[in-house]
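Notes to accompany the following structure.
Along the sequence shown, residues are numbered consecutively beginning with 1.
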Amino acid sequence: QVQLVESGGGLVQAGGSLRLSCAASGRPFRAAHMGWFRQAPGKEREFVAAIRWSGGSTSYADSVKGRFTISRDNAKNTVYLQMNSLKAEDTAVYYCNRAGSESFIWGQGTQVTVSS
């Protein structure tokens, strides 16, 4: 019943920046935490960052701490991921979803490719 649409990916040089967006729609939308996940070629999906819907507390994977920032707009049911100082190792398809509890149906994700 919840549709997740990711956008904002693209091709960027190492050291560059991108901002990803995740728009959630459908009724009802209930998620205490929302997060970003990524899946690189040949690898399993991994956790990147999460944010509490009420209060806005955040958590990050060690690999992205200090470089990525997760945020949200409650009124728009949208989650963002600001990615700075991108590395080739960040290349992956990025997805958003409910975090810390049962996931919604996964969306298509958005491709992030970082060239070195």
Nearest heavy-atom approach of Ser85 to Arg67 is O-NH1, 3.0 Å
How many angstroms lie between atom OG1 of Thr58 and atom CZ of Arg52, to the nearest 0.5 angstrom?
12.5 Å
Should Phe37 and Ile70 be regarded as members of a common hydrophobic cluster, given that ILVMFWY residues are connected when their side-chain heavy atoms come within less than 4.5 Å of each other, either directly or indirectly?
no
So which heavy atom on Cys22 is nearest to which on Leu4, and how close?
SG-CD2, 4.2 Å
Heavy-atom pair with the smallest gap, counting every atom of Ser116 and Ala88
CB-CB, 4.2 Å
Separation of Gln108 CD from Ser7 OG (nearest 0.5 Å)
13.0 Å
Using a 6.0 Å distance limit plus a 45 degree cone around the ring axis, check whether Arg72 lies over the aromatic ring of Tyr80.
no
Would the number of heavy atoms belonging to other residues, nucleotides or ligands and lying under 6.0 Å from CD of Gln82 be above 12?
yes
Min side-chain heavy-atom separation Phe47-Arg38 under 4.5 Å:
no
Under a plain distance cut-off of 3.5 Å, with no hydrogens placed, do Ser17 and Asn84 share a side-chain donor-acceptor pair?
yes
Minimum heavy-atom separation for Phe68 to Val48, with atom names?
CD2-CG1, 3.8 Å
Over all heavy atoms of both residues, which pair between Val112 and Met83 is shortest? Give the atoms and the distance, please.
CG2-CE, 3.8 Å
Atom OG of Ser103 and atom CZ of Arg98: how far apart are they, to the nearest 0.5 Å?
8.5 Å
Would you find a donor on one side and an acceptor on the other, under 3.5 Å apart, between the side chain of Glu6 and the backbone of Ser21?
no
Between Val2 and Ala24, what is the shortest heavy-atom contact and its length?
CG1-CB, 4.4 Å
Worked check of side chain to side chain contact (heavy atoms under 4.5 Å, CB included) between Val79 and Leu81:
CA-CA 7 Å; Val79 184; Leu81 185 68; over 6 Å; no
On the 0 to 90° scale, with breaks at 30° and 60°, tag the Tyr95-Trp106 ring pair as parallel, tilted or perpendicular.
perpendicular
Nearest 0.5 angstrom please: His33 NE2 to Ser101 OG, how far?
8.5 Å
With rounding to the nearest 0.5 angstrom, report the CG to OG distance, Leu86 to Ser115.
10.0 Å
Any salt bridge linking Asp62 with Lys65? Criterion: basic side-chain nitrogen under 4.0 Å from a carboxylate oxygen.
yes
Is the closest side-chain heavy-atom distance between Ser71 and Arg19 below 4.5 Å?
yes
When you measure from the side chain of Thr91 to the backbone of Thr113, do you find a donor-acceptor pair of N or O atoms at a distance under 3.5 Å?
no
Would you say Trp36 ends up clustered with Val12 if hydrophobic residues are merged whenever their side chains have heavy atoms under 4.5 Å apart, either directly or through other cluster members?
yes
Please test Trp53 against Asn77 for side chain to side chain contact (heavy atoms under 4.5 Å, CB included), starting from the C-alpha separation and ending with a verdict.
CA-CA 9 Å; Trp53 206 246; Asn77 282 343; 3.8 Å; yes
Walk me through it: do Thr110 and Leu20 pass the test side chain to side chain contact (heavy atoms under 4.5 Å, CB included)?
CA-CA 8 Å; Thr110 185; Leu20 308 183; 4.0 Å; yes
